[in-house]
There are 2 protein chains.
Amino acid sequence: MREKADSDLVRRQNRLLLMEALRQHGAMARVDMGRHTGLSPASITSISSQLISDGILEEASAAHVPAEGPLRRGRPTTQIDFNPKCAHVVAVKVSIDGLELALADGRGAILARRTSRTTTYDADPAAFGKLLADEITALLAKARLPTRRVARVGIAVQGVADSQAGTVVWSPAFRGRNISVSAVIEDRLGIPCRVANDANMIAEGLIGSDRARYGGTAAVVFMGYGVGMGLIINGQVYHGPTGAAAEFGHMNHVPDGPLCRCGRRGCVEAYVADYSLLRWASGEAATQPPSSNAIPHADMLALETAAHRGEPAALSAYAKAGEALGFGLARIIAILTPSRIVLAGPGTRAMALIRPYLDRALEAGVVDELRRNVEIEVVPIATDMIIKGTIDRALRHVDREIFAYGPLAKRGRELENIA
Amino acid sequence: MREKADSDLVRRQNRLLLMEALRQHGAMARVDMGRHTGLSPASITSISSQLISDGILEEASAAHVPAEGPLRRGRPTTQIDFNPKCAHVVAVKVSIDGLELALADGRGAILARRTSRTTTYDADPAAFGKLLADEITALLAKARLPTRRVARVGIAVQGVADSQAGTVVWSPAFRGRNISVSAVIEDRLGIPCRVANDANMIAEGLIGSDRARYGGTAAVVFMGYGVGMGLIINGQVYHGPTGAAAEFGHMNHVPDGPLCRCGRRGCVEAYVADYSLLRWASGEAATQPPSSNAIPHADMLALETAAHRGEPAALSAYAKAGEALGFGLARIIAILTPSRIVLAGPGTRAMALIRPYLDRALEAGVVDELRRNVEIEVVPIATDMIIKGTIDRALRHVDREIFAYGPLAKRGRELENIA
DNA sequence: AACATTTTTTTGGACGCCGAAATAAAACAA
DNA sequence: TTGTTTTATTTCGGCGTCCAAAAAAATGTT
């Protein structure tokens, strides 16, 4: 059911509205806030000055104001933006290659990074949380930032994440299952922590980067070592009841098809993922479970050149991938009629080879009426979009769950991890 | 972006909150409203008396109050409920068998019905709206209700509806495509009108009947002459960007499979729908487009008895249907991880024959982790659920878009169609 | 008849928003 | 320089909503 409304809710809502405008468009003057939010100048003054005295926003010092084209008459505007020190967040990307961490300030600017080649596949599941906590501590040490100033940690993993339970249900990066993550971080560092699927974080990043384009209903497909999907429904990333993402990679394409890493047969991933392409091309039987090792970048490049040279086995691998991807997307379209499908990730490098088969499958797989309203877009997104999306999500969460509420003094919410 | 909040929004929200509680639990006393909404008694008094003077609610006359068990001390409660005359809505179900209409009052009670065997398949698409308007007029005449007292018409059709454009994009009930409906009704009768998919309306009806059970994330499959799906996401029926429903029936199952009514090959419907079952059983080639006629009920019963007798062709038809349904649902689960799947409609009569194959396919089609959290439920829903759902939806829309706003005097909204 | 109990209404205060007026800070013009 | 114009921001007073507390209403109990 909906939430009860009172004057408290009004303020919270409008504070949030103002912060959202700021996140989306960057620093702006109070007048612009009025334009973006629809609030009266009087209310903007009231809300913004409150946010400033809360330490969440700050006025730009005059020096910073850029010359805005032709000199304009009238009282000059004062730009307002997030106070970079209002909060900090840490984003962690866990993949089978290792860990990647980033520390961002309250504006989303990255202050420090850290990469670690640690492979976690065979690691003790119980020790993983500790490892992560240590990595985060090292990152913060590097940036000389006390732990308590981090408001939130976001963790993006390949595979199925249960963000409710804070666990990694199943991931190619781990042999074990149901690995607890959030609880350990929260216990060891005292920072709220959320686990999420990496493709969902890409979707989050896309929304943050261009709301007009990705804010409606869209499906974001990540192709690479695995195949993931982030679903955007009515401008929001869809997290199922448990917080799991759309497991497009493990949606069945053909009953009794090639063996997938997940143990089933015929998953989309078993046609489209890096390891699947190599398996097709090498003529290897698709009845053996694939190796769990990372695939060298060079191997994929070699496969691509082979295909461009016209080698039949390589070409046929891409053809099979294109068909599986096309039928998979056709099924998504039939169910959700997204207005946009984004193909992203390293796997899109070979899109020229895949595309004809994809299009043919799409045509065979779904009625014209539905297919016609979908725009398919290829974005060879830097994997950094996962980090960006994780940061965005963490900051938006802080905005909504902490900053939207009044000053700390006024309420009893636990919250030391700011400023 | 979110909506700006002011005292107006607060009242609107709380009025709606109160009306939702009433829709869900039926007549109740002010104290109960407080319990359900979390609003203070003072606010409940204020809001309810406003709604009463607006003619939207009414106090039950003392006579109607039921003896509530043991006599209780203290001031007795006064039950409040919707004023049945606050608005009326018309629900229309369009299927290949003909039309079915119902007129309901502001409480959702059905005042009059009308059925018509008119088949629309070969009718002039341009004339369909007029036909519908005439049918509605006849229904209202029967109930002696002036047209202007109907606040809304809801139309449920098999197939793809575009509720934005108010058209039937594609339906087995029509040969033509993109048949305009809403505009004609609105022009002829002056009543706002929405077209929707029939499976979505079943989902709407289920939510209305048991929010606790169906209010989360669920998929409702309707099996019968065709195969439809209504998707409930976070307690709300999902209407895609254009208003189309989840076209589960026309989601591909196997590339190059049997020919479907939609013109593609291998759709789920081409395995599971009535005509598909008969086609399999008769050994008819699945390369001819199926007939567009309604299938006699007796034919389906005959097929079922044949299967129960053990006839191989009949058994195999159900086996194929079960497998296609199971893989289809496995794909839905992979993408959306609903916590509940409801199988409904006449096609569920043969569930005992289908179920083993369905379960086997489900097991083969999706990893255990995802499958385990889904509850599959068979509900041989009376087709009347479509009408009920359409009425519910129309009334909830009136609540939200009209009643939630203050009295007419206070605002400039067009609205003659009440009380 | 007085008291107890429960529901509903009334009253007064707080808070948020808004429109209008006032103030601030600049460019422009004489 | 000094006043005028222009635009941005703040201040002030009014209005509507909510809530807590007190009052009133309506009934059962003793």
Does [X] place a side-chain N or O at less than 4.0 Å from the phosphate oxygens OP1/OP2 of [N]?
X	N	result
B:R11	D:dC18	yes
A:K4	D:dC18	no
B:N14	D:dC18	yes

How would nucleotides 7-15 of chain D be written as a contact map, 5' to 3', with B for base contact, S for sugar-phosphate-only contact and - for no contact, using protein heavy atoms under 4.0 Å?
-> BBSBB----

For A:I391 and A:A91, work out which heavy atoms get closest and say how close.
->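 Looking at all heavy atoms of both residues, the shortest contact is CG1-CB, 3.7 Å.
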
Quick one: [X] [atom1] to [N] [atom2], roughly how many Å, whole number?
X	N	atom1	atom2	result
A:L39	C:dG19	CG	P	11 Å
A:M33	C:dC18	CE	P	15 Å
A:R15	C:dC17	CZ	P	11 Å
B:L57	C:dT8	CG	P	14 Å
A:L9	C:dA14	CG	P	21 Å
B:D6	C:dC15	CG	C1'	14 Å

Under the side-chain contact (heavy atoms from CB on, under 4.5 Å) test, which residues partner A:R35, sequence neighbours left out?
->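 A:V31, A:D32.
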
Touch check for B:I47, heavy atoms < 4.0 angstrom, all strands: base, sugar-phosphate only, or nothing?
->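 B:I47: backbone/sugar contact only, no base atoms under 4.0 Å.
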
Does the pair [X]/[Y] count as a salt bridge with the N-to-O cut at 4.0 Å?
X	Y	value
A:R12	A:E3	yes
A:R107	A:E58	yes
A:D54	A:R15	yes
A:D392	A:K388	yes
A:K85	A:D105	no
B:E59	B:R30	yes

Give the angle between the helix axes at the two ends of the helix from C:dA1-D:dT30 to C:dA30-D:dT1, taking five base pairs at each end and rounding to 10°.
->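 Computed from the C1' atoms at both ends, the axes differ by 30°.
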
Taking atom types as modelled, find out whether B:S43 and B:S46 have a side-chain donor-acceptor pair closer than 3.5 angstrom.
->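 Side chains of B:S43 and B:S46: no pair found under 3.5 Å.
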
